[in-house]
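Have a look at the structure below, then the notes.
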Amino acid sequence: MADLTVWLEATGALAGAGGVGLAKARAPRVYWSLVGMPLAWGRFALSYRSTMDVCGLTVQPSGLRAFMTRNVVRREVQPVPPKIRRVRPTSTGLRVTLRLPAGLEPADVIASSERLRHAWGVHSVTVVETKPGFVELRMTGYDVLRRVRMPRNVGPHDLVVPVALREDGTAFERDYRKAPMALTLGANHSGKSMYQRNLIKGLAQLPVALVGIDCKRGVEQSAFAPRLSALVTNPDDAASLLAVLVAEMEDRFDLLSLHGVSDVWELPEHLRPVPVVVLVDEVAELFLISAKKDEERRERIVTALIRLAQMARAIGIYLEICGQRFGSELGKGATMLRAQLTGRVVHRVNDKQTAEMGLADVAPDAVPAAGLIPMERPGTAVAVDSTGGWSKIRTPHTTRADVVDTCREFAHLVPDFPALDPFRPLVPTEAPTDGPSLVKPRPVTD
């Protein structure tokens with residue numbers, strides 16, 4: 001009987017260990033909540049002071065504090081680490097708010113993030129400055145980019161579209177008010193088209209005018225025609241469309257001048273023109289020419305794009321430009337246009353120079369990270385902003401049919417925009433589905 005009890009206990013222990021291992025592989029959120037988080041929290045609490053000391057994140061106490069410690073408390077004076085203000089668990093990790101002592105800055109903590117990750121046994125540690133003197137350590141317990149699941153409490157609103165998941169478990173949002181012009185780079189099969197799909201799916205739910213420029217004969221964007229206010233599929237039509245947008249920009253500046261404001265969002269709502277998002281699928285097709293007679297058209301396209309990138313933010317016209325490469329080899333005006341594109345998202349690229357085109361002038365530290373994106377992880381990218389901060393993101397898998405259904409569902413949001421009517425895409429009518437026959441069948445007789 002005793003042997004049977006021991007055998008059952010051993011079998012139960014093995015089954016429990018197997019269940020924990022299965023949960024870690026198949027349900028990482030469950031494993032983190034039940035096992036990983038208590039262990040990581042315990043390691044953090046027990047080793048916090050020593051870890052900060054070893055990582056060089058402590059400072060000598062003030063004279064008054066050293067005097068009180070030495071003469072009142074009768075203890076040895078020790079270096080002071082950042083003070084823990086708050087520890088908050090999440091479904092993907094831990095959030096720790098620290099108050100930095102005098103002598104430390106957020107850059108010191110950022111430089112030690114890799115050592116902190118190994119010390120506390122978590123997947124990653126991201127340091128974010130929340131306000132002067134305070135930083136937040138965003139610890140991720142597992143690889144959240146392996147199987148992307150967007151947070152449930154995010155969705156498109158105003159001019160903010162969640163398009164990907166950050167490495168720290170938060171949503172990466174494309175905010176057109178903060179970064180009105182953006183550049184997305186990536187090689188073939190890197191996930192660049194998936195990023196654009198998620199962007200269109202979110203924008204389709206907002207009251208904006210979507211303008212598509214897809215010079216690959218519309219193979220990428222023509223399926224989204226029900227929600228597009230304009231779509232052009234060749235450089236000649238693109239030149240005409242951009243000229244119309246430049247004229248619209250000038251008219252809107254006249255409207256701002258008439259009402260004495262400098263931004264479209266300062267106008268009363270009933271006078272405010274609809275925002276316009278211009279989606280360029282492959283920018284190289286607008287720059288490259290095959291004959292000398294096309295130089296004049298190229299000049300018009302490049303000039304219009306640069307003018308829109310420089311001035312259109314104030315009147316609610318935004319550029320979203322995609323391409324495989326975007327450097328000086330495209331010709332005159334390429335680097336000037338790139339300098340106006342504030343937001344940068346770089347997927348897997350084939351050479352270091354392409355990563356430098358998108359990241360080196362904004363966040364040089366992000367260039368090596370872009371070069372290490374594996375081929376078997378499409379949709380992974382490095383996203384930066386104008387402040388120089390960067391993060392690794394991954395776009396969730398979204399089927400083309402899902403985006404098409406969203407565009408059809410919100411087709412009623414296409415605004416009345418007479419200037420774009422000549423470029424309005426033809427929306428094919430759906431074929432009627434076979435329904436039940438209304439003809440009464442003839443009765444069967446002998």
Side-chain angles (χ1 to χ4, degrees), residues 19-48 51 84-98 106 109-110 112-130 134-157 160-175 191 194-195 198 202 345 347 366 369 372-374 376-385 389-398:
V20 170
L22 182 63
K24 185 176 182 180
R26 299 293 182 87
R29 286 178 179 247
V30 176
Y31 174 83
W32 169 254
S33 300
L34 298 178
V35 180
M37 184 179 63
L39 292 177
W41 199 334
R43 282 193 297 265
F44 169 77
L46 294 175
S47 64
Y48 175 74
T51 299
I84 301 174
R85 290 297 190 186
R86 185 186 182 190
V87 180
R88 179 169 60 93
T90 67
S91 60
T92 59
L94 285 174
R95 302 287 177 85
V96 181
T97 303
L98 302 179
V109 187
I110 294 173
S112 300
S113 60
E114 191 68 15
R115 285 176 283 179
L116 297 177
R117 176 177 82 88
H118 288 285
W120 295 325
V122 293
H123 179 75
S124 66
V125 175
T126 305
V127 183
V128 179
E129 182 182 358
T130 55
F134 289 84
V135 297
E136 184 178 69
L137 303 182
R138 296 179 179 177
M139 305 183 204
T140 306
Y142 59 94
D143 187 4
V144 298
L145 301 185
R146 185 172 67 91
R147 191 183 306 166
V148 178
R149 291 179 57 186
M150 294 293 289
R152 296 180 180 179
N153 58 346
V154 299
H157 60 92
V160 180
V161 181
V163 290
L165 186 69
R166 282 194 178 96
E167 193 176 20
D168 60 5
T170 60
F172 171 74
E173 296 178 325
R174 179 74 177 88
D175 191 343
M194 190 67 66
Y195 177 88
N198 281 271
V345 176
H347 295 75
L372 297 176
I373 297 176
E376 61 272 11
R377 281 207 170 185
T380 305
V382 173
V384 303
D385 53 39
W390 64 276
S391 59
K392 188 176 290 187
I393 64 173
R394 191 178 187 190
T395 311
H397 179 74
T398 304

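Sequential numbering from 1 along the given sequence is applied to the chain's residues. None of the values given here were measured: they were computed from a predicted structure.
A 4.5 Å side-chain heavy-atom check between Arg86 and Phe134 finds every atom pair outside the cut-off. Using a 4.5 Å cut-off on side-chain heavy atoms (C-beta onward), Trp120 and Leu94 make no contact. Side-chain contact between Pro378 and Arg394 is present, with at least one heavy-atom pair separated by less than 4.5 Å. Using a 4.5 Å heavy-atom cutoff, the side chains of Val128 and Val135 are not in contact. The shortest distance between side-chain heavy atoms of Ile84 and Val96 falls below 4.5 Å. Counting heavy atoms from C-beta on, the side chains of Asp168 and Ser391 never come closer than 4.5 Å.
Thr170 places no side-chain N or O within 3.5 Å of a backbone atom of Arg166 that could act as its donor or acceptor partner. The closest donor-acceptor contact from the side chain of Thr380 to the backbone of Pro374 lies at 3.5 Å or more, if one exists at all. Within the 3.5 Å criterion, the main-chain N or O of Pro396 finds a donor-acceptor partner in the side chain of Asn198.
Of all heavy-atom pairs spanning Val345 and Ala381, the tightest one is CG1-CB, 3.7 Å. Summarising the geometry of Met37 relative to Pro89, their closest heavy-atom pair is SD-CB, 3.0 Å, with the distance given to 0.1 Å. Across Ala366 and Val382, no two heavy atoms sit closer than the pair CB-CG1, 3.7 Å. Taking all atoms of both residues into account, the shortest heavy-atom contact from Gly202 to Val161 is CA-CG1, 3.6 Å. Here the closest non-hydrogen pair linking Val160 and Pro162 is O-CD, 4.0 Å. Between Val122 and Thr140, the closest heavy-atom pair is CB-O, 3.6 Å.
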>> Would Arg146 and Arg377 count as a side-chain contact (heavy atoms from CB on, under 4.5 Å) here? Give the steps.
In response: CA-CA 8 Å; Arg146 185 172 67 91; Arg377 281 207 170 185; 3.4 Å; yes
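The CZ atom of Arg117 lies 13.5 Å from the OG atom of Ser112; values are rounded to the nearest 0.5 Å. Taking OG1 of Thr51 as the reference point, atom CG of Leu46 lies at 10.0 Å (rounded to 0.5 Å). In this structure, CZ on Arg138 lies 10.0 Å from OG1 on Thr90, to the nearest 0.5 angstrom. The distance from atom CD of Glu167 to atom OG1 of Thr92, rounded to the nearest 0.5 Å, is 11.5 Å. The CE atom of Met139 sits 11.0 Å away from atom CZ of Arg95, with the distance rounded to the nearest 0.5 Å. Between atom CD1 of residue Ile110 and atom CG of residue Leu137 there is a gap of 10.5 Å, rounded to the nearest 0.5 Å.
Remark: of the listed residues Leu116, Leu98, Val109, Val109 is the sole one forming a side chain to side chain contact (heavy atoms under 4.5 Å, CB included) with Val127.
Residues satisfying the ring-ring contact (aromatic ring centres under 6.0 Å, His included) test with Tyr142, not counting sequence neighbours, are none. Remark: Pro151 engages Asn153, Val154, Leu165, Ala171 in a side chain to side chain contact (heavy atoms under 4.5 Å, CB included) (not counting sequence neighbours). By the side-chain hydrogen bond (donor to acceptor under 3.5 Å, both in side chains) test, Thr97 is found to be paired with no residue, residues two or more places apart in sequence or in another chain being considered.
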